[in-house]
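Every heavy atom of this structure was used, including side-chain atoms; hydrogens, water molecules and symmetry mates were not. Keep in mind the model is a prediction, meaning the values are calculated, not measured.
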Amino acid sequence: MSLSRRCAETLIDLVEIKLSCLEITDREDMREKELLMRCVQELNAELRGENGSAAAFAAPKKRGRRPKHLQLHELHSA
């Protein structure tokens with residue numbers, strides 16, 4: 001992606017403003033927040049000269065309960 005530094009910084013500012021105004025009321029809002037945070041991370045990577053879409057980021061949280069074998073293992077190790 002080819003963005004000028006000024007455009008990338010402006011986009012980061014806009015995304016951060018949207019993040020600050022976002023009210024989390026349900027899962028859909030939480031997904032939108034995670035997407036916006038990913039956008040900021042990708043734009044920052046672009047500013048550093050990296051490929052934003054290929055940069056390594058923290059994996060998103062998995063949904064649902066932990067498998068029972070993990071729960072039992074945690075109980076026995078405590």
Side-chain angles (χ1 to χ4, degrees):
M1 182 166 68
S2 178
L3 287 174
S4 69
R5 180 170 201 80
R6 186 172 179 191
C7 286
E9 289 171 350
T10 301
L11 288 171
I12 290 170
D13 288 341
L14 290 170
V15 172
E16 288 176 344
I17 289 168
K18 173 129 183 169
L19 275 168
S20 69
C21 295
L22 190 65
E23 292 184 24
I24 308 298
T25 57
D26 58 12
R27 289 182 183 172
E28 187 176 330
D29 292 339
M30 184 57 84
R31 281 189 221 103
E32 182 179 0
K33 177 185 175 189
E34 290 172 357
L35 175 63
L36 291 170
M37 290 171 59
R38 171 72 187 207
C39 289
V40 170
Q41 292 174 336
E42 286 188 21
L43 287 166
N44 280 323
E46 290 286 335
L47 285 175
R48 292 189 305 267
E50 302 170 9
N51 182 358
S53 60
F57 300 108
K61 297 176 187 173
K62 292 186 177 180
R63 295 174 59 189
R65 294 177 57 184
R66 292 183 184 193
K68 285 190 177 187
H69 69 279
L70 291 178
Q71 292 174 351
L72 292 174
H73 172 72
E74 290 172 357
L75 290 174
H76 294 293
S77 65

Exercise. Locate the shortest heavy-atom distance separating A8 from L47; write the atom from each residue and the value.
Key: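 That would be CB-CD2, 3.5 Å.
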Quiz prompt | Ion pair check, E34 and R38, cut-off under 4.0 Å | solution =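 Salt bridge between E34 and R38, a charged N being under 4.0 Å from a carboxylate O: no.
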Working to the nearest 0.5 angstrom, can you tell me the gap between [X] [atom1] and [Y] [atom2]?
X	Y	atom1	atom2	result
E9	L3	CD	CG	11.0 Å
I24	R31	CD1	CZ	11.5 Å
Q41	L36	CD	CG	11.5 Å

Exercise. Check salt bridge (Lys or Arg N to Asp or Glu O under 4.0 Å) between K33 and all other residues, then give those that pass, not counting sequence neighbours.
Key: none
Self-check item: Partners passing side chain to side chain contact (heavy atoms under 4.5 Å, CB included) against E23 (at least two apart in sequence or in another chain)
Solution: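 Side chain to side chain contact (heavy atoms under 4.5 Å, CB included) check on E23 returns nothing, list empty.
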Counting only pairs under 3.5 Å, give me each side-chain donor-acceptor contact of residues 10-17, with atom names and distances, residues two or more places apart or in other chains.
| from | atom 1 | to | atom 2 | distance (Å) |
| --- | --- | --- | --- | --- |
| T10 | OG1 | R6 | O | 2.8 |

Quiz item: Can you hop from L35 to V40 via hydrophobic side chains spaced under 4.5 Å?
Solution: no
